[in-house]
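So you know, we letter chains A, B, ... as the sequences are listed, proteins then strands, and number each from 1.
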Amino acid sequence: ICILWDCETGKQLALLKTNSAVRTCGFDFSGNIIMFSTDKQMGYQCFLNFFDLRDPQQIEDNQPYMSVPCNDYKITSAVWGPLGEFVIAGHENGEINQYSAKTGEIIKKAKEHTKQINDIQPSVDLTMFITASKDNTAKLFDAASLDHIKTFRTERPVNSAAISPIMDHVVMGGGQEAMEVTTTSTRIGKFEARFFHAAYEEEFGRVKGHFGPINCVAFHPDGKSYSSGGEDGYVRIHYFDPPYFDFELEA
Amino acid sequence: MHDTMDMVDDPEYDEEEPSFSDPEDYVDDVDDDELLGDILREKPQEADGIDSVVVVDNVPQVGPERLEKLKNVIHKIFSKFGKITTEFYPEADGLTKGYIFLEYAAPTQALEAVKNADGYKLDKQHTFRVNLFTDFDKYMNISDEWETPEKQPFKDFGNMRHWIEDQDCRDQYSVIFEAGERTAIFANDAKEPITFEERARWTETYVRWSPKGTYLATFHQRGIALWGGEKFKQIQRFSHQGVSLIDFSPCERYVVTFSPLIDTKEDPQAIIIWDILTGQKKRGFHCESSAHWPIFKWSHDGKFFARMTPDTLSIYETPSMGLLDKKSLKINGIKDFSWSPGDNILAFWVPEDKDIPARVTLMQMPSRHEIRVRNLFNVVDCKLHWQRNGDYLCVKVDRTPKGTQGVVTNFEIFRMREKQVPVDAMEMKESIIAFAWEPNGSKFAVLHGESPRINASFYNVRNNGKIDLLKMFDKQQANSIFWSPQGQFLVLAGLRSMNGALAFVDTSDCIMMNIAEHYMASDVEWDPTGRYVVTSVSWWSHKVDNAYWLWTFQGRLLQKNNKDRFCQLLWRPRPPTLLSADQIKNIKKDLKKYSKIFEQKDRLSQSKASKELVDKRRTMMEEYHRYRETAQQVYQEQKTIRLELRGGVDTDELDSNVDDWEEETIEFFINEEIIPLGDL
């Protein structure tokens, strides 16, 4: 299901039932249109659904104004483009597609990752986005052209990645899938969030503390802290020390 | 089915039988060959029997009264190889001539007879000489003309020692990764490995270097291949279906291959010894037991190789590949043996036998002279540990002393370089986990105890036989000892189940230089010069984090090299040095001079590397900033659209709408502190 909440009051404003699990959802820039994707499960295909919140009839009838089917590889993560004209979706096979919010057509395609895309997060100005993939890399793309700009390599699957709002940094979190965890180090705090320089593609720092794979990372909008959530059930919030902001790699 | 009736009797049959004979003057136009060709071919030919005939010489000359007995004896001996169809005992002057002719049913049987009966000692005066009859013909008819054998074109593989000539003395190592799909050769540089050669599917399972580093052996379904020279060209190929294990002779002249596939009785195929330079198969052996590989152990100079079978020690010599002195050593109960790595001396041990105590014997080859025998009592098991130069032998003896239940361990230390090889015993209180000699020195390291209380002890063997305990470290996380090939330094490692704990020790003063960890490390490999250590996590034992790390001998981590599904790293061995002991002494004297030059070189290359990196970064940053600028421009241009979408509210910056914010100050009670001010 997909639920619309009021942040101030916590009231449920709308509840939209779906045939299969909802994987990813989001508001467009105007806040008037929502999109969400459903999984390919139990005989139901993967769909990318669009509702216009200004038309209460759509909510009441649970009828999106547009429902785009995705054949073959299901959508695993999606974000809106900068001005609400398209949705950028990452698929199970590593593909990235731009779906038009008006027609549902695929405007642009990109295939840079070789395995499932676990997370997509846009930069604060929505001009670029970073993808986190099971193929052990995270990649930086331009939102409008889908040009592949940077690649950040690790030796573990990357579950989530985010772009700093104020520095040329990206943060990534990952680890083995829950099923395979017994083969990795279970020692205290071995799972780390890793910081890369966005331009040099070089890792410059790690933060230990999680007991299990990290599933989600995000920067605070002011860029002075970040938070990470993991398989171990903990959400950690870290504030950066002053040296973090002065740090520079020799160039 | 009714009975057939005689045609003649059939009343209905009236006509006269037509004649089927040929007319009188008919001439056959069908060849005998055409008509009966296949049968004709089988017509016994006069020349046919010769290939199955053998001539046996040195047969006793007997008179008619003993002839029957002689024939029986000969028959008994020779019918083992096949069916004897004819025998001929020529006579002269009432006695047999001393040679006989035997004909077998098939030429193969005759060959068997020659192979096995030639040299058969009937009695003191009569040793049979057996030859094929056709051989006589061959040798009598040797052409008088001598034809020089055709000259084979010289296959130039280039400089086989090319890698040793690297200006910066970089050692090579082989890496198998991508689960075996790719094999690469790297030159080791402290900064980062330099790829020398990389090939897909170079080997099907794993690789092995030859002992002096000249060849790289790769495994394939049909056999093994040897590669070498500057470009790693294929030097030689050995066809041995299903080969799974190989072993090189220390001199690199021979390679032994083993295949577990079925081999035939006539042609032993399980173990084959090859001559590397010519590619010839020298000899094949059966493999009876599933013993420990290598089944054949080579003497250090490659002159002899030996193997152990129940109650027997068979020693062969090269290049003939024949048994030394034509017979094996009968040693009842022999349990294990090994060659000294420095001399042609064999060490072996036999367990207790009724009244005779267990003993370890040192035997000189080829004389078979027993240099030293040591009796041992109440022995459960023994292990032989040679020091790499053959200066010392340590026999680890597990015993159950009389009257006790437990097992105690003794080390019997043989000092090989002293007259009459004195032996000293040392008792160890705890169970032994690992033992290792310093490769070219007089020290040894022992890991003993039970997890989690494992101790590491270092001993030195002095000339007078005293064994000094230098130091003991307790509560170590280690299950293996790795000495540097140059001695003095070693690594204590807790591999696999001990999660890769590492301790780097300098045994000159027994100080732990560094304690580190390579999580889940499965192997530790020293480079041949003793400067670097590689620890690795192989995909074969652990499916994640496959990588190899490079450390200095002091335990300083230099590189972490992740390789997709990394499997195996092997350093390329170096051939023994060409320098004399004096030359080495001189170089050590001038070491300071060389050090200065090397340090300067290092500094130059470091700054060059940093400069390269810095330049690369600068270009990347410029490119990135250019991209960001264009993106920012587009962003600014879109500002109006954004305002429109959000109903005129500017949300571009965090503080775009400060007026909308409400500031509220809340006080929290944190702490109360009561400070007495004394009497007011």
* Structure fact -> Given Asn32(A), Asp222(A), Asp168(A), the one with more heavy-atom pairs under 4.5 angstrom with chain B than any other is Asp168(A)
* With respect to chain B, which residue among Glu155(A), Glu201(A), Lys150(A), Met128(A) yields the maximal number of heavy-atom pairs within a distance under 4.5 Å? -> Met128(A)
* Part of Leu126(A) within contact of chain B (heavy atom distance under 4.5 Å) -> neither
Over 60° means perpendicular and under 30° means parallel, so tell me whether [X] and [Y] are parallel, tilted or perpendicular.
| X | Y | result |
| --- | --- | --- |
| Phe204(A) | His197(A) | perpendicular |
| Tyr548(B) | Phe566(B) | tilted |
| Tyr519(B) | His542(B) | perpendicular |

* To do: Below 4.5 Å from any heavy atom of chain A, which atoms of Glu623(B) appear? Answer side chain, backbone, both or neither.
  => neither
* **residues 641-651 of chain B: residues contacting chain A (heavy atom under 4.5 Å, by number)** => Ile641(B), Arg642(B), Leu645(B), Arg646(B), Thr651(B)
* Asked: Going by atom types alone, do Tyr635(B) and Asp652(B) pair a side-chain donor with an acceptor below 3.5 Å?
  -> yes
* Could you tell me whether Lys601(B) and Asp168(B) have a side-chain N and a carboxylate O separated by less than 4.0 Å? => yes
* To do: Would you sort out whether Tyr627(B) and Asp142(A) count as a side chain to side chain donor-acceptor pair (under 3.5 Å), showing the intermediate values?
  => CA-CA 9 Å; Tyr627(B) 159 70; Asp142(A) 178 80; 2.7 Å; yes
* Asked: So, for Glu198(B) and Ala184(B), which heavy atoms are closest and what is the spacing to 0.1 Å?
  -> CG-CB, 3.7 Å
* Structure fact -> Value for CD (Gln58(A)) from CG (Leu53(A)), rounded to nearest 0.5 Å, stands at 8.5 Å
